[in-house]
Amino acid sequence: MDEMNLWLTPLILLPGVALLIISTSGRFNRLHDEVHAQLHRRHGTGAHVAAHLTRRARLFRDALVALYICVGMFSLASFLGMMAALWAAETSAWIVLGITAGGILCLTFAAFQLIRESILSLRVIEDHHHETAAPEQDS
């Protein structure tokens with residue numbers, strides 16, 4: 001592998017990961033606001049809605065932690081790749097590739113958690129709809 005590609009490849013992946021972190025953090029903040037609003041709601045929140053919101057928060061946390069680990073691994077891989085390029089050490093290429101692969105696995109895990117959160121988010125919306133529709137049907 002070309003020494004230049006060895007340390008540039010992880011850096012090329014970082015902007016995409018950064019965009020995921022920004023959007024996930026924004027969604028996590030909106031979830032925080034929703035939980036806060038539910039706590040101060042007059043009629044309270046159904047137990048299943050509260051459980052879904054808590055589960056969503058855990059999925060977001062897991063995804064963000066994986067994304068932050070991914071950034072750390074890509075940064076470390078790039079740094080080691082740069083050092084290997086300076087000293088032209090072929091054996092360190094495998095270490096850099098291994099760390100980059102670990103970062104990609106973290107990225108895949110984070111994407112999976114965000115998919116799970118999106119599905120759960122739809123359940124929360126449906127639960128809210130059923131809660132607001134139920135009082136109208138009783139009238």
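Under the 4.5 Å side-chain heavy-atom criterion for grouping Ile, Leu, Val, Met, Phe, Trp and Tyr, Val65 is connected to Ile104 within one hydrophobic cluster. Ile69 and Val71 fall within the same hydrophobic cluster, defined by Ile, Leu, Val, Met, Phe, Trp and Tyr side-chain heavy atoms under 4.5 Å apart, directly or through other members. By the criterion of side-chain heavy atoms lying less than 4.5 angstrom apart, applied directly or through intervening Ile, Leu, Val, Met, Phe, Trp or Tyr residues, Leu13 is not grouped with Phe112; the two fall into different hydrophobic clusters.
Atom CD of Glu117 sits about 7.0 Å away from atom CG of Leu31, to the nearest 0.5 Å. A distance of 7.0 Å separates CZ in Arg27 from CZ in Arg56, rounded to the nearest 0.5 Å. To the nearest 0.5 Å, the span separating CZ on Arg30 from OG on Ser121 amounts to 9.0 Å.
For Leu107, the side-chain contact (heavy atoms from CB on, under 4.5 Å) partners are Val17, Leu20, Leu67, Cys70, not counting sequence neighbours. With sequence neighbours excluded, the residues that form a side-chain contact (heavy atoms from CB on, under 4.5 Å) with Phe109 are Asp62, Ala66, Gln113. Legend: residues meeting side-chain contact (heavy atoms from CB on, under 4.5 Å) with Ala111, ordered by chain and number and at least two apart, are absent. Judged as a side-chain contact (heavy atoms from CB on, under 4.5 Å), and not counting sequence neighbours, the contacts of Tyr68 are Ile21, Ser25, Leu64. Contacts of Thr108 classified as side-chain hydrogen bond (donor to acceptor under 3.5 Å, both in side chains), with partners at least two apart in sequence or in another chain: none.
Within a 6.0 Å sphere centred on CZ of Phe79, other residues, nucleotides and ligands contribute 12 heavy atoms or fewer.
Counting Ile, Leu, Val, Met, Phe, Trp and Tyr side chains that sit under 4.5 Å apart, directly or through other members, Ile22 stands alone, with no cluster partners.
Minimum interatomic distance between Met73 and Ile99 (heavy atoms only, all atoms of both residues): O-CG2, 3.1 Å. Of all non-hydrogen atoms in Thr100 and Phe74, the two that sit nearest each other are O-CE2, 3.4 Å. For Ser78 against Pro10, the heavy-atom pair with the smallest separation is N-CG, 3.9 Å.
Between Leu14 and Ser75 the shortest side-chain heavy-atom distance falls below 4.5 Å. Taking the side chain as every heavy atom from C-beta outward, Leu114 and Leu59 never approach each other to under 4.5 Å.
At least one donor-acceptor pair closer than 3.5 Å links the side chain of Ser23 to the backbone N or O of Leu19.
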